[in-house]
Participant: 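Provided herewith is a single structure, encoded as structure tokens, for subsequent inquiry.
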Amino acid sequence: MLQYTFPMFLNTLTPKFYVALTGTSSLISGLILIFEWWYFRKYGTSFIEQVSVSHLRPLLGGVDNSSPTNSNTSNGDADSNRQSVSECKVWRNPLNLFRGAEYNRYTWVTGREPLTYYDMNLSAQDHQTFFTCDSDHLRPADAIMQKAWRERNPQARISAAHEALELEEYLSPPVLSSSYAIFCSYILLAEEEATTIVEAEKLFKQAVKAGEGCYRRSQQLQHHGAQYEAQHRRDTNVLVYIKRRLAMCSRKLGRTREAVKMMRDLMKEFPLLSMFNIHENLLESLLELQNYADVQAVLAKYDDISLPKSATICYTAALLKARAVSDKFSPEAASRRGLSTAEMNAVEAIHRAVEFNPHVPKYLLEMKSLILPPEHILKRGDSEAIAYAFFHLQHWKRVEGALNLLHCTWEGTFRMIPYPLEKGHLFYPYPICTETADRELLPMFHEVSVYPKKELPFFILFTAGLCSFTAMLALLTHQFPELMGVFAKAFLSTLFAPLNFIMEKVESILPSSLWHQLTRI
């Protein structure tokens, strides 16, 4: 009976039905395509694929290949996992700008916020870690500043700093000259309220006087107990921070030699405080002075296999080697005679730097627009590339032919590492977490650089094809309803022909009375 019912059903369908069917299918597939594309741009993966892997695969009995099958595999993967975690750690940008004098001025001019909430929240955590200790609540002004570092509203932080300064005015001068609240108030005001570098420098000079008094006093008392030791550690961190920012003010105001001297003295006085990465500030200042011999000396100390790398270290080493050959380098001549030893060393240094951070060349070659660097960076990520290129692009331009050599050779790196997420050449495999962290660190108006370049997921291509096909069917059905109706009926008849054949065989085998009862059911 089905073979007679189905053709009758097809004959009752009008062309309007086919127009509505194809139009609705095109609309639904188009909406799915738009959502999939938005989700891929925002999170870097397909929503349908993620749901399938996360929820449907376990139901179908899928096995997670990433889980270790034995203890030996677990132990073997431990080192690479630890390396991945360390490479995805967010670091304080050693060349971060001043909020009041630089970031806020950008906001006043453009109306855009250069810092994300995640980045500023990390800075607030840094301030609480380095600038506070458990005994700060014992004095009222210190308690105010301890609360100010946790405050999210910039105006509230500035008001708290002024309040702490006013409260300290009632204290005696000897206490005033070495008060924790005093130098912390000046730090906050220099960072966030000062609208020029000159104003920030004046406030930091006032802060360093109070900071040195606190440091000398806590240095004498540090062995009297854990509380005094914590205060001395806090005062050391604060004093180093102030002096480094003072050196950065000198560098920004054109007094580069003075800045270099301050940085060298600071590194000699506090050689163990490597967390501030003052050597990266020193490298940038020495490059500005074109003192390449001293730059090489600093690299010889910090470009060591046992020390963590950075884009500044790798690309500065590449710049020095490129400087030796770049002024006479010609790709045509090199292709004819081959690379000399010095040129080969320069190319290998560039390949090493590009492997460490493949995002930098596009900014140095001005293939991608720069933005203000964030206060925190992710090593080997787009945020570190922006921070490096923002300060070092001028140094590459100053070396004749260096950018030309970089342009001719940097893409050759990727031939040596065809699968960068699985195996590296000179460094560990490229971490897969950089895109997610960089999206949190960088503002929304910046297009985050992704490496390696991701191909479009299958479901986006599938929904795009489905949307295009159904839209074409809807258009043809609307223009030629009768003809498309004939094609649709023929297609459906052909599609259901095997089913009709099976039903005919079933009817011939089963008794007619039994088949009649089944059809009634």
Side-chain angles (χ1 to χ4, degrees), residues 91-98 102 114 244 247-248 250-254 256-257 259-260 263 276-303 308-327 346-347 349-407 409-410 413 438 441-442 446 449:
W91 300 74
R92 183 81 176 176
N93 181 5
L95 294 168
N96 66 305
L97 306 178
F98 293 86
E102 292 173 305
R244 183 174 71 92
M248 293 175 68
S250 298
R251 166 68 184 90
K252 291 175 185 292
L253 294 173
T256 309
R257 295 188 183 279
V260 168
M263 292 172 192
F276 290 104
N277 291 324
I278 304 173
H279 61 276
E280 296 197 8
N281 299 85
L282 179 60
L283 283 172
E284 196 279 327
S285 299
L286 291 172
L287 286 172
E288 176 64 21
L289 294 174
Q290 302 184 46
N291 195 341
Y292 297 110
D294 285 353
V295 171
Q296 185 62 58
V298 175
L299 286 177
K301 180 178 180 180
Y302 289 96
D303 192 6
K309 298 293 181 290
S310 67
T312 301
I313 293 292
C314 295
Y315 277 90
T316 302
L319 176 61
L320 291 189
K321 291 189 177 181
R323 175 176 169 268
V325 298
S326 60
D327 57 336
V347 172
I350 290 175
H351 287 175
R352 170 179 179 259
V354 174
E355 182 184 355
F356 182 82
N357 194 318
H359 308 283
V360 173
K362 287 188 177 181
Y363 294 107
L364 292 180
L365 298 172
E366 299 181 89
M367 301 165 61
K368 202 169 174 16
S369 60
L370 275 173
I371 61 171
L372 295 186
E375 292 184 336
H376 290 81
I377 58 173
L378 181 70
K379 288 192 176 182
R380 307 187 74 178
D382 192 30
S383 52
E384 184 192 33
I386 292 171
Y388 173 79
F390 186 86
F391 293 99
H392 289 261
L393 176 58
Q394 57 181 329
H395 306 316
W396 279 82
K397 287 184 175 180
R398 189 179 293 121
V399 177
E400 183 182 356
L403 290 176
N404 177 50
L405 179 60
L406 177 67
H407 175 72
T409 58
W410 75 279
T413 309
D438 280 332
L441 289 171
L442 299 172
H446 173 73
S449 177

Participant: Closest heavy-atom contact between Ile350 and Leu406?
Facilitator: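 Nearest heavy atoms, Ile350 then Leu406: CG2-CD1, 3.7 Å.
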Participant: Counting C-beta onward and ignoring hydrogens, is there a side-chain heavy-atom pair between Phe356 and Ile313 closer than 4.5 Å?
Facilitator: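 SC-SC contact between Phe356 and Ile313 ruled out.
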Participant: Taking atom CG of Leu299 and atom CD of Gln296, what is their separation to the nearest 0.5 Å?
Facilitator: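 Between Leu299 CG and Gln296 CD, I get 5.5 Å after rounding to 0.5 Å.
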Participant: Sequence neighbours left out, what passes salt bridge (Lys or Arg N to Asp or Glu O under 4.0 Å) with Arg323? Give chain and number order.
Facilitator: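 So Arg323 forms no salt bridge (Lys or Arg N to Asp or Glu O under 4.0 Å) with any residue.
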Participant: Looking at residues at least two apart in the chain, or sitting in another chain, which of them share a side-chain contact (heavy atoms from CB on, under 4.5 Å) with Asp294?
Facilitator: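 Asp294 satisfies side-chain contact (heavy atoms from CB on, under 4.5 Å) with Arg264, Leu286, Asn291 once adjacent residues are dropped.
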Participant: Can you find a heavy atom in the side chain of Val399 that is under 4.5 Å from one in the side chain of Tyr292?
Facilitator: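 Yes - at least one pair of side-chain heavy atoms lies under 4.5 Å apart.
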Participant: Mind checking salt bridge (Lys or Arg N to Asp or Glu O under 4.0 Å) for Arg251 and listing every partner two or more places apart, or none if nothing turns up?
Facilitator: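 Applying salt bridge (Lys or Arg N to Asp or Glu O under 4.0 Å) to Arg251 gives Glu284, Glu288.
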Participant: Could you tell me the separation between the CG atom of Leu287 and the OG1 atom of Thr256, rounded to the nearest 0.5 Å?
Facilitator: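 Reported value, rounded in 0.5 Å steps: 11.5 Å.
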Participant: Got more than 12 heavy atoms from elsewhere within 6.0 Å of CZ, Arg257?
Facilitator: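 It does not: Arg257 CZ has 12 such atoms or fewer within range.
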Participant: Under the rule for ring-ring contact (aromatic ring centres under 6.0 Å, His included), what residues qualify as partners of His351, not counting sequence neighbours?
Facilitator: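 His351 satisfies ring-ring contact (aromatic ring centres under 6.0 Å, His included) with no residue once adjacent residues are dropped.
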Participant: Keeping Asn404 on the side-chain end and Ser326 on the backbone end, is there a donor-acceptor pair under 3.5 Å?
Facilitator: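 Checking the backbone N and O of Ser326 against the side chain of Asn404, no donor-acceptor pair under 3.5 Å is found.
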Participant: Would you say that Pro373 contacts Leu97 through its side chain, given a criterion of any heavy-atom pair below 4.5 Å between the two side chains?
Facilitator: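 The answer is yes, as the side chains (C-beta and beyond) meet within the 4.5 Å cut-off.
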Participant: Please tell me if the side chains of Pro374 and Leu442 come closer than 4.5 Å, counting only heavy atoms from C-beta onward.
Facilitator: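 A side-chain contact exists here, since the closest heavy-atom pair is under 4.5 Å.
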Participant: Apply salt bridge (Lys or Arg N to Asp or Glu O under 4.0 Å) to Lys397 and list each qualifying residue two or more places apart in sequence or on a separate chain.
Facilitator: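 Listed in chain order: Glu366.
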Participant: So which pairs with a foot in residues 359-387 pass ring pair (Phe, Tyr, Trp, His ring centres under 6.0 Å), sequence neighbours left out?
Facilitator: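 Pairs touching residues 359-387 that pass the test: none.
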Participant: Please list, chain by chain and in numerical order, all residues satisfying ring-ring contact (aromatic ring centres under 6.0 Å, His included) with Tyr388, sequence neighbours excluded.
Facilitator: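 So Tyr388 forms a ring-ring contact (aromatic ring centres under 6.0 Å, His included) with Tyr315, His392.
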Participant: Once ring-ring contact (aromatic ring centres under 6.0 Å, His included) is applied, do any residues pair with His446, and if so which ones, sequence neighbours excluded?
Facilitator: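 His446 satisfies ring-ring contact (aromatic ring centres under 6.0 Å, His included) with no other residue.
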Participant: Can you check whether Glu355's main-chain N or O pairs, donor with acceptor, with Thr413's side chain at less than 3.5 Å?
Facilitator: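 Checked: no pair found.
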Participant: My understanding is that only residues two or more places apart in sequence, or in another chain, count here; which of them pass side chain to side chain donor-acceptor pair (under 3.5 Å) with Ser310?
Facilitator: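 Glu280.
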Participant: At what distance, to the nearest 0.5 angstrom, does OG1 of Thr312 lie from CG of Asn357?
Facilitator: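 So the gap between those two atoms works out to 10.0 Å.
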Participant: Check Arg352 with Asp303, please: is the shortest side-chain N to carboxylate O separation under 4.0 Å?
Facilitator: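 Looking at Asp303 and Arg352, the cut-off is met.
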Participant: For atom CD of Glu400, is the number of surrounding heavy atoms from other residues, nucleotides or ligands below 6.0 Å larger than 12?
Facilitator: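 For Glu400, atom CD is not crowded (no more than 12 foreign heavy atoms under 6.0 Å).
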Participant: For the pair Asp438 (side chain) and Gly381 (backbone), establish whether a donor and an acceptor sit closer than 3.5 Å, ignoring hydrogens and angles.
Facilitator: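 Checked: no pair found.
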Participant: Tell me every residue that passes salt bridge (Lys or Arg N to Asp or Glu O under 4.0 Å) with Lys252, counting only those two or more places apart in sequence or in another chain.
Facilitator: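 Salt bridge (Lys or Arg N to Asp or Glu O under 4.0 Å) list for Lys252, sorted by chain: Glu102.
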Participant: Report yes if some heavy atom in the side chain of Val295 is under 4.5 Å from a heavy atom in the side chain of Leu283; otherwise report no.
Facilitator: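 Result yes, sub-4.5 Å side-chain heavy-atom pair found.
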Participant: Just verifying a value: how many Å separate Ile278 CD1 and Met263 CE, rounded to the nearest 0.5 Å?
Facilitator: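 Reported value, rounded in 0.5 Å steps: 8.5 Å.
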Participant: Taking only residues two or more places apart in sequence or in another chain, which ones pass ring-ring contact (aromatic ring centres under 6.0 Å, His included) with Phe390?
Facilitator: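 Scan of Phe390 (ring-ring contact (aromatic ring centres under 6.0 Å, His included), adjacent residues dropped) gives none.
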Participant: Given 3.5 Å as the limit, does a donor-acceptor pair link the side chain of Lys379 with the main chain of Glu384, or not?
Facilitator: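 No.
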Participant: Who passes side chain to side chain donor-acceptor pair (under 3.5 Å) against Thr316, sequence neighbours left out?
Facilitator: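 Partners of Thr316 under the side chain to side chain donor-acceptor pair (under 3.5 Å) test: none.
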Participant: When you compare the side chain of Ile377 with that of Asn96, does any pair of heavy atoms fall below 4.5 Å?
Facilitator: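 Asn96 does not reach Ile377 side chain to side chain.
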